[in-house]
There are 2 protein chains.
Amino acid sequence: MLDAAIELFGEQGFDKTTAGDIAARAGVTERTFFRHFADKREVLFSGPGSLDEMVAKGVAAADEDASPLQMVIAGVRQAAVELVAVRTREQAADRVRIVEATPALRERELLKMATMTAAAQAALVERGVGEPTAGLAAHSAAAVFQTAFTRWVSGDTDLGLPECVDEAAAALRDLY
Amino acid sequence: MLDAAIELFGEQGFDKTTAGDIAARAGVTERTFFRHFADKREVLFSGPGSLDEMVAKGVAAADEDASPLQMVIAGVRQAAVELVAVRTREQAADRVRIVEATPALRERELLKMATMTAAAQAALVERGVGEPTAGLAAHSAAAVFQTAFTRWVSGDTDLGLPECVDEAAAALRDLY
DNA sequence: TCCTCCGATGTCAGTGACTGACATCGACGG
DNA sequence: CCGTCGATGTCAGTCACTGACATCGGAGGA
């Protein structure tokens, strides 16, 4: 079903593909499609294991005497490690191509990213960081992740995703 | 039309309000509604003067020998100044209440924010900042703006929006 | 003054995303 | 062999949005 969706989106684009098309290729009914996914876009965002949990785990496991920023960055690095275990760069690139081509999908991606940011913030607060600081740090970490992911997918580098995170984190430090 | 929409969303919520309802209260047809707004959500995001332009203007006007981060923050501060000239805190709070209550609207808001971030990044690049640095700085500035805006709207402070931006910018510096 | 043109609006029919209610069917325990 | 239950199919309906075409009122020229 997920495969059917990715195929069709790749072939004819997201907008030209109806929910019925996807269901048909997957051998089910449109109705069952909507029982599995809240809406048509969600097909592309419902892999196993959410970014949220990965990041939260990473933050929780971060070094005791690290700064808030170091803790969240450890969190997104952890997420990066777990992510490459599930998806190849090739798959990620295909997915990115589809998402970038459709505003509606970009929107959904931003929502997922915001959810991850909120999870990171909550995890920081859990570890005793103040609210405003946690929010700022979480957003910074999200920026690092996004920068790293974009670079990784672009193919301009041979680095793995976690190494790209390290690189982006270093660039962030240089902002000051 | 915009007023009709805000009223109805406040009264019965976004989901329970059809595009036809809004049009009817505004004394026009549903079809005309969709000629003015790309979709139902867009009503809440199509005020006069976009954040993008304000930020870009602010970045362009920033001090010559400022750091990239200082430039973008000047940009969002400029946007803050122009924004309070158009909307009262009360109006902003009403709008926030509606948006927060509806995932679909949160999504759209995130898209607008991302657009602003992209504009900020482009403005930085325009002033000679390197791509990755510009991206990170723009995201940081977006985080500052969001933090400031949230605080301003919350009513926990008597500060104006621009002053909240200053406050958040100071908190960002303290991350290091 | 009348005609013409044009932008804004109304009308209508159609597509597609999603939802609720109900029927069906196959596995599984009793 | 029967009852139950979760997953699926069926069907009808609502609503967001779109394209094609008709209408209408005002600005400007003959």
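Chain A is the first sequence line, chain B the second, and so forth, proteins listed ahead of strands; every chain is numbered from 1.
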**Student:** What does the list of N/O pairs under 3.5 Å between the protein and nucleotides 20-23 of chain C look like, with a distance for each?
**Tutor:**
residue: dG20(C); atom: N7; partner: Arg31(A); partner atom: NH2; Å: 2.9
residue: dG20(C); atom: O6; partner: Arg31(A); partner atom: NE; Å: 2.7

**Student:** What residues from residues 102-109 of chain A pass a heavy-atom cutoff of under 4.0 Å to DNA chain C?
**Tutor:** none
**Student:** Would you mind writing out the side-chain donor-acceptor pairs for residues 84-92 of chain A within the sub-3.5 Å range, not counting sequence neighbours?
**Tutor:**
residue: Thr88(A); atom: OG1; partner: Glu90(A); partner atom: N; Å: 3.4
residue: Thr88(A); atom: OG1; partner: Gln91(A); partner atom: N; Å: 3.0
residue: Arg89(A); atom: NH1; partner: Thr157(A); partner atom: O; Å: 3.4
residue: Gln91(A); atom: OE1; partner: Thr88(A); partner atom: N; Å: 3.0

**Student:** Go through the structure and list residues passing salt bridge (charged side-chain N to carboxylate O under 4.0 Å, His left out) with Arg173(B), not counting sequence neighbours.
**Tutor:** none
**Student:** Can you tell me how far NE2 of His139(A) sits from CD of Gln121(A), rounded to the nearest 0.5 angstrom?
**Tutor:** 7.5 Å
**Student:** Check whether Glu42(A) reaches the backbone of Asp39(A) with its side chain - one donor and one acceptor, N or O, closer than 3.5 Å.
**Tutor:** no
**Student:** Listed by chain and number, what are the ring pair (Phe, Tyr, Trp, His ring centres under 6.0 Å) partners of Phe34(A), not counting sequence neighbours?
**Tutor:** none
**Student:** Just the rounded figure in Å: distance from P of dT14(D) to CZ of Phe34(A).
**Tutor:** 18 Å
**Student:** Just jot down the ring pair (Phe, Tyr, Trp, His ring centres under 6.0 Å) partners of Phe45(B), sequence neighbours excluded, or say none.
**Tutor:** none
**Student:** Mind checking side-chain hydrogen bond (donor to acceptor under 3.5 Å, both in side chains) for Arg151(B) and listing every partner two or more places apart, or none if nothing turns up?
**Tutor:** Glu167(B)
**Student:** In whole angstroms, how far is the P atom of dT9(C) from the CZ atom of Phe37(B)?
**Tutor:** 11 Å
**Student:** What salt bridge (Lys or Arg N to Asp or Glu O under 4.0 Å) pairs are there with at least one residue in residues 122-139 of chain B, not counting sequence neighbours?
**Tutor:** Glu64(B)-Arg127(B)
**Student:** Taking only residues two or more places apart in sequence, or in another chain, which ones meet Thr102(A) in a side-chain hydrogen bond (donor to acceptor under 3.5 Å, both in side chains)?
**Tutor:** none
**Student:** Respond yes when some side-chain nitrogen or oxygen of His36(B) is under 4.0 Å from OP1 or OP2 of dT9(C), and no when none is.
**Tutor:** yes
**Student:** Taking OP1 and OP2 of dT9(C), is either one under 4.0 Å from a side-chain nitrogen or oxygen of Thr29(B)?
**Tutor:** no
**Student:** Using salt bridge (charged side-chain N to carboxylate O under 4.0 Å, His left out) as the criterion, list what pairs up with Glu30(A), not counting sequence neighbours.
**Tutor:** none
**Student:** Glu30(B) CD to dT11(C) P: how many Å, rounded?
**Tutor:** 12 Å
**Student:** Examine distances only and state if a side-chain atom of Lys16(A) and a backbone atom of Glu11(A) form a donor-acceptor pair shorter than 3.5 Å.
**Tutor:** no
**Student:** Between dC18(C), dG10(C), dA16(D), which nucleotide gets closest to the side-chain atoms of Thr32(B)?
**Tutor:** dG10(C)
**Student:** Out of curiosity, Leu136(A) CG to Ser140(B) OG, how far, rounded to the nearest 0.5 Å?
**Tutor:** 8.0 Å
**Student:** Which parts of residues 8-28 of chain A get close to DNA chain D, meaning a heavy atom less than 4.0 angstrom away?
**Tutor:** Val28(A)
**Student:** For DNA chain D, determine which residues of residues 39-47 of chain A have any heavy atom closer than 4.0 angstrom to one of its atoms, and list them numerically.
**Tutor:** none
**Student:** Under 3.5 Å, is there a donor-acceptor pair between the side chain of Asp63(A) and the main chain of Ala66(A)?
**Tutor:** no
